[in-house]
Amino acid sequence: MDKLILIDGNNIIYRAFFAMPPLTNTAGQQTNAVYGFTTMLLRLIEEHKPTHMIVAFDAGKVTFRHEGYEDYKGGRQKTPPELSEQFPLLKDLLRNLGVPQFEIGNYEADDIIGTISRQADEAGRQVMIVSGDKDMLQLASEHTTVALIRKGVTEVELYGPEQIREKYDLTPEQIIDLKGLMGDASDNIPGVPGVGEKTALKLLHQFGSVEGVLAGTGELKGKMKEKLEAHAEDAVMSKKLATIYREVPLEHSWEDMIFNGISADTAGPALAKLEFKSLLERLSLSAYAPVADGEEGAAEVEAATLDISIVSEDELEALNEALPSISALHVESNGDNPHRAEVIGVGLSTLERHYYVPFELLQKPAAAKLRDWLGDEKAPKSGYDLHRADLALHWQGIAFAGAAHDVQLAAYLLDPTEANQNLNDLATKYGLPRLSPDEDVFGKGAKYKIPELEILGNHVARKSAAVLGIAQKQQQELIETAMTGLFEDLEMPLSRILADMEKQGIAVNEGDLKELGKEFEAQISKLVTEIYEICGTEFNLNSPKQLGEILFVKLGLPVVKKTKTGYSTDAEVLEKLAPYHDVVRLILQYRTIAKLQSTYVEGLLKEISPKTGKVHTFYRQTIAATGRLSSQFPNLQNIPIRLEEGRKIRKVFVPSEPGWSILAADYSQIELRVLAHISGDERMKEAFLHDMDIHTKTAMDVFGVTADQVDSNMRRAAKAVNFGIVYGISDYGLSQNLNIPRKEAAQFIEQYFEVYQGVRRYMDDIVVDARKHGYVTTLLERRRYLPEINAKNFNLRSFAERTAMNTPIQGTAADIIKLAMVHMDKALFERGLKSRMLLQVHDELVFEVPEDEMELMKTLLPEVMGGALQLSVPLKAEVSFGSNWYEAK
DNA sequence: GCAATCACG
DNA sequence: ACGTACGTGATTGCG
């Protein structure tokens, strides 16, 4: 008996591409989609032994369907180049496997399949159609079975008219009506808005077809009736779009579809060329295998056998049983701001099996055990960016605890300059099976789109699988680099504390902030009017280009500095120009107020959560190369303080409960104290042991005067030198900062080093050290690599040298405040205090404190901060408090 | 998406 | 002779 298999080529290769990790052959050509397609094909041949077979492909870009509806398939992402490149490989391989391929101008693969299946039907031949597209179900008939692929590409579900009736209680023809009503986002078929599968099925069971439904709207009521009547045309058009065309002018005959089995002498070399060793073995063609290269083959096998299940509600019980052995997870969420993220789903991995749980399922009552496990701190979990996962889940009402190993955080410690490697980067780095890039699966930017469940689930489950392997390798590396303690006892505990602080948020008085905005607005409009009047023209004050034109061309002011693109108009330049023209002062004022308005009033207002009335920043623990935190959405580490106008912004940061106060404590001169400790400079240590004003002391030592002889200018200069020292000093930098000649700056530095010889020795030694090892470390063994320390290019090398001097100082200070945060969190917990840590600003911690804890906190906080780490000089933290952040100064 | 500017430590 | 201070993030304009 003849048996024909019709394969939807485009659909299958597309799914294979996303279901498979991105295998490449030794030539660097990606082959994963071809591999996936071929495994499926071989399985079909083995199981169904077809006598005839074709693979149908879409031809060209425009199909006749576009003529009726130009948005058809408009929502679809562009095919990634890694996939398009594999089409020729597949076509070539199919030829060598002896599988006929059809491609007909202006028709899609499903039209070809529809036409052949109609002809075969009429001739009474047995047909099987293979696709991942449910639309194909409309072609099922007495002789025609539709095999829908699921779970990657190797498993299929067979549908005849009987099975369709069981599942949907519809005939194959009614599948078209179903899609006409519900639409299909991936093909941009609109359907009727608000009608999904359930509603569509109900309507069809009642009325039989789209036409029947539209004629029968009289029997319906409410919203449903309105929607159907309003979108009647859409429904009719959608049905038309969903109908597979079965009258393609085919010139092929039955004989053109004959499949005679795979012939070794063409298939062998073709498979060998693609380096599909496991497939050669399967076909007993190993003789054709290329010279062995163990790794590639191993990766291929591993990738092919990854055991992934996309969990449905009735499979939750099995998952619950596996929970104790699950050690890795990946929470897939969207967007940059985790406080606003939507959770898409969760991948879960044991060593052997991998699961994907869609978020909708996770929310159902049936998933209670899984949610308990997620929130169980005794269930240790590895993951990527667990801090983000924690927040995203939190705002959906799901608790997260038990973070044991965050691979993103570990990767940051292992190399903080290798900015935020994603899971695919890390998998590649450790020689693990690679993942599809997120961009390929989701699209990027405005094109972000969640793919269908099969693709999504495979991708996310592969991520949790990758976490397992990565965590293992990292643990070894952390031991080798002596950072296990830093990781387990500092950074991992801190990530949970940060999440707590962010969830808590800080209250902002919205009314006061808006008031402040009005004041700024009035000042701005006054300044703008004056500036335009003086300049005699209106222009965009915010455009440095237009401003430069006015200042340097129209008003003829001297050009002080240039940027890459034109005149520089920054504050430093404007200060120098101020004596020449009155308008410059006004422009400086405008800049100040406009900055406050746009960034701090408007910017902050946008970030107030409607849910909590607070702002919830997001601290990033894996950004700064020195070990510092950074803060985003909004950045609460750069709220103005230096100028009084801006400092007022701090008044709107208030306690979130009545009767509470803001308590803040900041380290006094932490970086110079750290420098005194690590350099061991006796004179500098002396200054801190006696708790002297370090800048005055420096002025005394450098200028050789007594304390009462130090004037404000001398202190200012000394302060600048101290800053310069911390930054990795250069005479040029200091000369710029103090606005003095370079020679003079060089003299200052020389005098400084004469007195602080221990500091000079440290600066020299640390650079030598960096050259020798290629990295520098902090007191807690945090590491930063400086590959450019040996560069021939003077600039690059100098930069690396300054970094070598600065990073141990800035980084140790970061270590210390992080330690203080962990200790403080513990102290609050153990004493059962209600006070809450809210913010960290590099050397400052901000709390909100109830009245009855104030006295205690005022001593506890500086004690804990001062005692965070034992140095050869005391660490000092100064507290202050008030009814808002401004008052706590 | 980058450059310029400016807020913080 | 070389040409810059160390570490961040947000806003705006512009090609």
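Note on naming: letters A, B, ... go to the chains in the order of the sequence lines (proteins, then strands), and numbering restarts at 1 for each one. Computed from heavy atoms alone, side chains included, the values below leave out hydrogens, waters and symmetry copies.
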| query | On a plain distance test, is the side chain of Ser730(A) in donor-acceptor contact with the base of dT4(C) below 3.5 Å? | reply | yes

| query | Checking salt bridge (Lys or Arg N to Asp or Glu O under 4.0 Å) for the pair Glu801(A)/Arg771(A): CA distance, chi angles, key distance, verdict? | reply | CA-CA 9 Å; Glu801(A) 287 170 359; Arg771(A) 259 183 228 131; 3.1 Å; yes

| query | Taking side chain as C-beta onward, heavy atoms only, is His581(A) less than 4.5 Å from Leu577(A)? | reply | no

| Members of residues 779-800 of chain A that approach DNA chain C, where some heavy atom sits under 4.0 Å away | Arg784(A), Phe794(A), Asn795(A), Phe799(A)

| message | Surrounding NZ of Lys561(A) (heavy atoms of other residues, nucleotides or ligands, distance under 6.0 Å), is the total greater than 12? | response | yes

| field | Along DNA chain C (nearest heavy atom to each residue), the more 5'-positioned of Gly603(A) and Arg742(A) | value | Arg742(A)

| What does Ser568(A) touch in the nucleic acid at a heavy-atom separation under 4.0 angstrom: a base, only the sugar-phosphate, or nothing? | sugar-phosphate

| Just to confirm, is there a sub-4.0 Å distance from OP1 or OP2 of dC14(C) to any side-chain nitrogen or oxygen of Ser543(A)? | yes

| Can you say whether the rings of Phe552(A) and Tyr567(A) are parallel (under 30°), tilted (30 to 60°) or perpendicular (over 60°)? | tilted

| task | Would you classify Val841(A) as touching base, sugar-phosphate or nothing, given that sugar-phosphate means primed atoms plus P, OP1 and OP2, and contacts are heavy atoms under 4.0 Å? | result | sugar-phosphate

| said: Roughly how many Å apart are dA7(B) and dT4(C), using the P atom of each and rounding to a whole number? | reply: 22 Å

| Atom NZ of Lys561(A) and atom P of dG3(C): how far apart are they, to the nearest Å? | 17 Å

| field | Ion pair Glu515(A)/Lys648(A), N-O distance below 4.0 Å | value | no

| request: Scan Ala720(A) against the nucleic acid and name what it touches under 4.0 Å (heavy atoms): base, sugar-phosphate only, or nothing. | output: base

| said: Could you check whether atom NZ of Lys503(A) has more than 12 heavy atoms from other residues, nucleotides or ligands sitting under 6.0 Å from it? | reply: yes

| task | Give a yes or no on this: more than 12 heavy atoms of other residues, nucleotides or ligands lie within 6.0 Å of atom CG of Asp582(A). | result | no

| Chi angles and distances behind the salt bridge (Lys or Arg N to Asp or Glu O under 4.0 Å) call for Arg761(A), Asp769(A) | CA-CA 12 Å; Arg761(A) 197 174 320 116; Asp769(A) 215 57; over 6 Å; no

| message | Output the rounded distance in Å from CD (Glu801(A)) to C1' (dA5(C)). | response | 14 Å

| Which part of the nucleic acid, if any, lies within contact of Ala571(A), taking any heavy atom under 4.0 Å across all strands shown: a base, the sugar-phosphate backbone alone, or nothing? | sugar-phosphate

| task | Decide yes or no for Gln637(A) and Tyr619(A): does some side-chain heavy atom of the first lie under 4.5 Å from some side-chain heavy atom of the second? | result | yes

| query | Checking side chain to side chain donor-acceptor pair (under 3.5 Å) against His387(A), which of Arg620(A), Gln621(A), Glu502(A) comes through? | reply | Glu502(A)

| note | chain A vs DNA chain B, heavy-atom contacts under 4.0 Å, first-to-last nucleotide span, 5' to 3', is dA3(B) to dG9(B)

| For Ile623(A), which contact category applies under a 4.0 Å heavy-atom criterion: base, sugar-phosphate, or nothing? | sugar-phosphate

| query | In whole Å, what is the span from the CZ atom of Phe723(A) to the C1' atom of dG7(C)? | reply | 13 Å

| query | Heavy atoms under 4.0 Å, any strand shown: does Gln546(A) hit a base, just sugar-phosphate, or nothing? | reply | sugar-phosphate

| Counting any heavy atom closer than 4.0 Å, what does Gly728(A) reach on the DNA or RNA strands: base, sugar-phosphate only, or nothing? | nothing

| request: May I ask you to verify if any side-chain N or O of Lys545(A) is less than 4.0 angstrom from the OP1 or OP2 atom of dG15(C)? | output: yes

| task | Report the distance from atom CG of Leu605(A) to atom C1' of dA10(C), rounded to the nearest whole Å. | result | 15 Å

| query | Can Asp701(A) and Tyr756(A) be counted as having a side-chain donor-acceptor contact under 3.5 angstrom? | reply | yes

| field | Electrostatic pair Lys614(A):Glu510(A) at N-O distance under 4.0 angstrom | value | no

| message | Would you measure the distance from the P atom in dT5(B) across to the matching atom in dC2(C) and give it in whole Å? | response | 24 Å

| Between dT11(C) and Asn542(A), is there an OP1 or OP2 to side-chain N/O distance shorter than 4.0 Å? | no

| request: For Glu602(A) and dT12(C), give me the distance from atom CD to atom C1', rounded to whole Å. | output: 12 Å

| Phe748(A) CZ to dA5(C) P: how many Å, rounded? | 20 Å

| Close residues, residues 625-652 of chain A, relative to DNA chain B [heavy-atom separation under 4.0 Å] | Arg628(A), Gln637(A), Asn638(A), Ile639(A), Pro640(A), Ile641(A), Arg642(A)

| message | Can you measure Lys564(A) atom NZ to dG15(C) atom P for me and round it to whole angstrom units? | response | 16 Å

| query | Quick one: Asn806(A) CG to dA5(C) C1', roughly how many Å, whole number? | reply | 10 Å

| message | Suppose we define a pair by two distances each less than 3.5 Å, Watson-Crick or G-U wobble; what does dA1(C) pair with here? | response | none

| said: For a 4.5 angstrom cut-off between non-hydrogen side-chain atoms, does Thr417(A) reach Arg784(A)? | reply: yes

| field | Arg802(A) (side chain) and dT4(C) (base): donor-acceptor pair under 3.5 Å | value | yes

| task | Using the C1' atoms only, state how far dC6(B) lies from dG3(C), rounded to an integer number of Å. | result | 23 Å

| query | Under 4.0 Å between a Lys/Arg side-chain N and an Asp/Glu carboxylate O for Lys889(A) and Glu644(A)? | reply | no

